[in-house]
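Report on the following structure.
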Amino acid sequence: FLQMLLPKLDRQQEDSSHSGATRAFSRKTLTWRLVGEAYSSQLSVDEQRYIFKLAFRMWSEVIPLNFREDLTAPGAMVNIKLGFGRGRHLGCTRVFDGSGQEFAHAWRLGDIHFDDDEHFTPPTSDTGISLLKVAVHEIGHVLGLPHIYRTGSIMHPNYTPHEPAFELDWSDRKAIQKLYGSCKGSFDIAFDWIRKERNQYGEMMVRFSTYFFRNSWYWLYENRNNRTRYGDPIQILTGWHGIPAENIDAFVHIWTRRRDERYFFKGSQYWRYDGDKDQALLEDEQGRSYPRLISEGFPGIPSPLDTAFYDRKKQLIYFFKESFVFAFDINRNQVLNSYPMKLTEVFPAITPQNHPFRNIDSAYYSYAHNSIFFFKGNAYWKVVSEKDKQQNSRLPSNGLFPKKHISEKWFDLCDVHISTLNM
Amino acid sequence: EALFHSRDRSDLELSPLHQARPIADLQAAQRFLSRYGWSAVSSARSPNLERTTEAPASISLADAMRRFQKANALPVSGKLDTATLVAMNKPRCGVPDTQLPSQTTLSTPLGLQPRARPKR
């Protein structure tokens, strides 16, 4: 046991990379374990493991690093080991001082020790010392962060009691992203979901939330806070009912004075979603049952699709497949005569060769930016908007600005380990 | 076992033997400043560091006190006053707060200092 905790110079340093910043680990998935002989006597073992699982997940929500609890590998192979002890503990050279003052410490690239003389409590309690908060802090050290003397930082050396549910704030995110970079990746769909609500004066208000879907999970993106919702990503199954559980091709919201229809597309079929009931419709008001074949509902449109978006002004749906675009007139329920056309023709590159050409992942009309964005891989191309055109009339209609990184416009869209997706 | 009677252990009674000794005098304060990297480093290897360099002798206790007070937004007097004692007795993480910079960077603001890593 002692041997397990002695620094594994060869093993761990093999993990670390010296890229100039004080980065600690270079692999994408790290393993952790609450050491069996070092459980706390204050909380149930399941509670302790759940809290550590959540603590690791909170870091992986903001950096491209996953954490997996490993209960079987030999101890020496586990990247991060956590344990509780009192006074002289776990072969550690630093002796704990009993209740009060020092409540935990972390060894770089390795182990985290908690002083079991402290009164550690679960996140739901407002007494004692939150084990979740201390765990997030100590994991921050293991990942390479020093103490940060900033009010509100999780890396402040002193514990601040009675704080409501805490989260990694903007500065802490930037600090850890300086070491590990920001999260990149492609998206299946991105869309704004419109909500119509009446305010206290009975006036109809329109609000929207932005969603990003990837594989079988999704994020709500809070535009006003420039980050994802705390606790995201979560499983599509959890938040949306009756649509496919993963790999959705497109989302289209037909929104006119008389129509308000939302559709999800996957493969050869499409589903209609009822926002009020928060459920995919089995049958619409005309008695049509869902899911329906795309070829039935949108004659002339091929499947599976790459993506699609609805242009409210022109009342056209643009469907994308490979290097072609199909403009579908929702009033005449047919593809415009001049389509399909080449993607490069309908949406020309402003800078030659700086174009997605084919197989875009998602076409997203953002109400926050009043612009259309084409996503492909971890890059986006912004389509010339009316405002752009007013500022520079020489820009081509529907032209594509040179590509940029999605992660530089939408922040912290990070995966978490599949074992923690349901937390 | 630490004694408790209610199911959620909210009435956990810690035995007095396991209470941290409060920091109440200059000597204890000096030990605190040394332990957490504000002045000369104790001989024990500190966590989160492989091995830290010995502090230059010129860092005096008052200096270290002043730096600690400044980082904690306390009146910077260099003296062990009540507010400083309260700050030193707060529950805290055992990882040292600072790595002693080389003499040349002493004046840079705390917390923003680059970490001095010995070359591999």
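Convention: sequence-line order gives letters A, B, ...; per-chain numbering from 1. Keep in mind that this is a model prediction, so the values were computed, not measured.
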What part of B/A73 gets closer than 4.5 Å to chain A, counting heavy atoms only: side chain, backbone, both or neither? neither
Give the minimum heavy-atom separation between A/G100 and B/A20, together with the two atoms involved. O-CB, 3.6 Å
Derivation and outcome, side chain to side chain contact (heavy atoms under 4.5 Å, CB included), residues A/D97 and B/R21: CA-CA 7 Å; A/D97 54 12; B/R21 206 177 313 146; over 6 Å; no
Could you tell me whether the side chain of A/H137 reaches within less than 4.5 Å of the side chain of B/V95, counting heavy atoms only? no
Quick check: do B/C93 and A/H147 have side-chain heavy atoms less than 4.5 Å from each other? yes
Would you confirm whether B/R92, through its side chain, and A/F103, through its main-chain N or O, come within 3.5 Å as a donor-acceptor pair? no
Measure the CG-CE distance between B/D97 and A/M155 for me, rounded to the nearest 0.5 Å. 10.5 Å
Tell me whether the count of non-hydrogen atoms from other residues, nucleotides or ligands lying under 6.0 Å of NZ in B/K79 goes above 12. no
Would you say B/R35 and A/E102 make side-chain contact, with heavy atoms under 4.5 Å? yes
Closest heavy-atom pair and its distance - B/P91, A/I129: CB-CD1, 4.1 Å
